[in-house]
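Small disclaimer: the values here were computed from a predicted structure and weren't measured. Just so we're on the same page: letters track the sequence lines, and every chain starts at 1.
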Amino acid sequence: MSMTEDSQTPEASTPVETLTTETTPKMIGRDVSVFYADKQALFDVDIDIVEKEVTALIGPSGCGKSTFLRCMNRMNDVIEGCSVTGTISMDDGDIYDPKVDVVQLRARVGMVFQKPNPFPKSIYENVAYGPRIHGLAANKAEMDAIVESSLRRASLWEEVKDRLEQPGTGLSGGQQQRLCIARAIAVEPEVILMDEPCSALDPIATARIEELIHELRENFTIVIVTHSMQQAARVSQKTAFFHLGNLVEYGETEVLFTNPSDERTQGYITGRFG
Amino acid sequence: MNLAILLAAVLLLALYSYALGRGRALGQTTGHPSELHSRPGYYGTYTALWSVIPALLVIAIWLMAEGVIVEGLVVASLPQAQQDLPNAQLGLLLNDIRNVASGAFSAEQAEPFVRAAAERYNGLRLTSFIGMAAIAVLLAVIGLYWARRAIDPGLRARNAVERIVMVFLVAASTIAIFTTVGIVLSLLFEAWRFFSQVPFYEFLFGLQWSPQIALRADQVGSSGAFGAVPIFAGTLLISFIAMVVAVPVGLMSAIYMAEYATPKFRSFVKPLLEVLAGIPTVVYGFFAALTVAPQIRGFGESFGLDVASESALAAGLVMGIMIIPFVSSLSDDVISAVPRSLREGSYGMGATKSETIVRVILPAALPGIVGSILLAVSRAIGETMIVVMAAGLAANLTANPFQAVTTVTVQIVTLLVGDQEFDSPKTLAAFALGLVLFFITLCLNVIALHVVRKYREQYD
């Protein structure tokens with residue numbers, strides 16, 4: 001997402017609440033700052049992403065939430081002039097360590113994009129794409145099994161099982177997005193990043209994706225960027241509120257929406273700006 | 001000269017009517033142009049068009065009809081003996097009269113009846129011109145008056161002007177279509193005449209091409225054989241060699257430029273590559289004939305191969321270099337047009353850059369790439385200058401790239417260079433070859449356009 005807002009002097013973010021969770025954090029960000037050329041888009045973000053939970057990143061446009069999401073699988077690497085400082089670690093290993101192979105990292109941290117982007121290939125080939133490049137299936141039968149289970153977990157199997165050879169671009173928008181989710185989970189990632197996965201979908205398709213996110217939570221750690229506060233409240237356990245490149249407030253979703261500690265959060269969730 | 005003055009007068013009248021129409025429209029308001037239906041300039045244009053279009057139409061039609069009518073009258077005034085001459089000789093006589101009339105021949109040497117006819121010719125043309133000028137100017141003035149009277153604030157001048165502009169646009173676009181139709185028809189008719197002398201199947205399936213035929217009965221050694229297979233085979237051989245050079249090189253450079261090159265490098269190198277397309281083909285031609293062909297010959301001889309000094313290989317290689325930019329530039333555009341979201345989707349799955357290119361971007365861009373290759377093929381088949389200079393004239397039926405072959409375009413050139421007679425199959429064969437060549441490139445272009453159009457529906 002584009003960072004069009006002027007970078008302002010970083011305001012001191014309120015101290016991040018220490019979360020008392022019994023599970024260990026899956027990913028930990030410390031002092032994460034992002035620069036596009038010489039413009040700073042993200043200021044010293046500290047965040048712990050909890051395993052097998054849904055974390056929602058909310059905030060007004062240009063607040064840096066998508067930027068942070070894209071840091072977590074180093075998708076920002078493909079943008080020219082973008083640099084990241086600070087550390088993001090996953091299971092105690094820094095993902096920005098030069099020794100880390102970004103290809104392997106992205107196999108562990110999958111991503112679903114704002115606009116459904118199935119490849120112009122058949123439905124089967126779309127799902128088989130990841131397993132194929134990572135060599136996950138030894139033969140056709142194994143590949144068939146991976147494709148079927150991925151489509152089932154993305155609750156798309158029943159709708160497409162008779163037309164796996166048809167192009168993925170021929171599906172409806174909601175089906176395409178579920179195909180993209182199936183494609184992402186086919187490589188068995190540990191974390192799935194979702195960048196406004198429902199913003200291009202109608203309410204019914206959105207409801208199905210949200211339902212799916214609930215089911216996926218059993219097996220995956222999910223981080224979702226959303227513009228819809230209702231969606232964040234519905235699907236997530238933790239919510240992080242970003243504003244002007246700062247992580248303003250991070251905590252239990254229920255607490256953040258009912259009793260925010262920062263007045264900027266209060267202003268945003270009550271609709272005074274954003 | 002007189003015509004130029006007349007046209008200038010009509011145009012001046014148009015300028016005057018523009019000012020007049022605009023002024024009158026403005027004069028009917030209380031000073032606010034917004035009271036008019038259209039902006040004042042449209043009323044000016046409306047008046048100008050009304051005065052100039054009828055006048056120009058009359059001039060155009062008059063000029064087309066004048067020649068026939070005047071000549072008819074001149075012929076009618078000739079002595080009976082001359083009127084009864086056969087058509088061809090009458091034409092020559094008319095030519096003489098025209099030359100005398102324009103002063104190209106001196107009138108003293110001409111026969112008296114020619115001189116009289118020339119004078120009559122000049123007189124008729126002068127009368128005709130005066131008539132035309134009078135009617136054109138009169139029409140312009142009437143149009144001006146009529147349009148000026150029609151002007152009032154409610155007149156939809158803008159709609160009327162835009163309709164006339166649309167007529168001009170339609171006319172401009174049909175010129176290209178009618179030209180194509182005309183060319184095809186002329187090819188068809190001449191080819192028809194050829195096929196009435198040489199059987200169709202002999203032309204299409206004959207293996208012997210030797211178009212020299214005896215012009216006089218006592219000539220020997222020129223039997224004439226019109227089997228086009230060797231020259232189409234030569235065309236295919238050279239085009240094939242050219243594509244073997246151009247497709248890999250062009251495609252790979254397109255991939256590099258679209259995917260790997262920094263924007264700075266790309267903006268520097270892409271125009272340079274396109275310069276290749278701007279080099280005149282005759283320059284490529286002597287490059288092929290004088291530089292590449294001897295090199296290949298010397299290289300082949302060092303291996304003990306017998307290479308002709310004019311070889312298909314030399315022409316094909318150089319032609320391949322010439323069409324690299326067609327492949328690379330179009331493919332580059334097509335590859336760059338693959339949406340960023342597809343690339344990110346692939347990177348997001350943990351694919352490397354080359355995996356993304358091979359498995360996602362190239363398949364997505366494939367129809368467009370095929371289209372660019374087909375366009376390059378039709379360019380290669382139609383290319384003339386390089387093969388004229390480097391491929392030779394011998395119509396060998398061979399698949400050996402080291403031998404001289406000849407192509408359709410080369411044969412057309414050699415058939416039509418020099419003295420012609422248009423009732424000999426030798427000359428007419430050029431039209432038959434042209435027809436087949438046109439048909440092949442037309443098919444390739446249609447397929448290419450179809451493929452490219454289908455590709456556009458791929459995403460979004």
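Neither the backbone nor the side chain of A:Pro116 comes within contact range of chain B, judged by heavy atoms closer than 4.5 Å. Proximity to chain B is limited to the backbone of A:Val109, based on heavy atoms less than 4.5 angstrom apart. Of the two parts of A:Phe113, only the side chain, counted from C-beta on, holds a non-hydrogen atom closer than 4.5 Å to a non-hydrogen atom of chain B. In this structure, chain B has a heavy atom under 4.5 Å from the side chain of A:Glu80, while its backbone stays farther away.
Heavy-atom contacts from other residues, nucleotides or ligands closer than 6.0 Å to CZ of B:Phe268 number 12 or fewer. Within 6.0 Å of atom CZ in B:Arg39, 12 or fewer heavy atoms from other residues, nucleotides or ligands are found, so the atom counts as exposed in its surroundings. A 6.0 Å sphere centred on CD1 of A:Ile204 holds no more than 12 heavy atoms belonging to other residues, nucleotides or ligands. Summarising the local packing, CZ of B:Phe240 is surrounded by 12 or fewer heavy atoms from other residues, nucleotides or ligands at distances under 6.0 Å.
Across B:Leu342 and A:Pro120, no two heavy atoms sit closer than the pair CD1-CD, 3.6 Å.
When each of A:Arg74, A:Met75, A:Arg108 is scored by its heavy-atom pairs under 4.5 Å with chain B, the top score falls to A:Met75. Listed options A:Leu105, A:Ile133, A:Val102 were ranked by heavy-atom pairs under 4.5 angstrom with chain B; first place goes to A:Ile133.
Against chain B, the residues from residues 177-192 of chain A that qualify, each with a non-hydrogen atom under 4.5 angstrom away, are A:Arg183, A:Ala184, A:Val187 in number order. Contacts between residues 345-360 of chain B and chain A, defined by a heavy-atom separation under 4.5 Å, are made by B:Gly345, B:Ser346, B:Tyr347, B:Gly348, B:Met349, B:Gly350, B:Ala351, B:Thr352, B:Glu355, B:Thr356, B:Arg359, B:Val360.
We find the CD-CG distance between B:Glu344 and A:Asp195 to be 9.0 Å, quoted to the nearest 0.5 Å.
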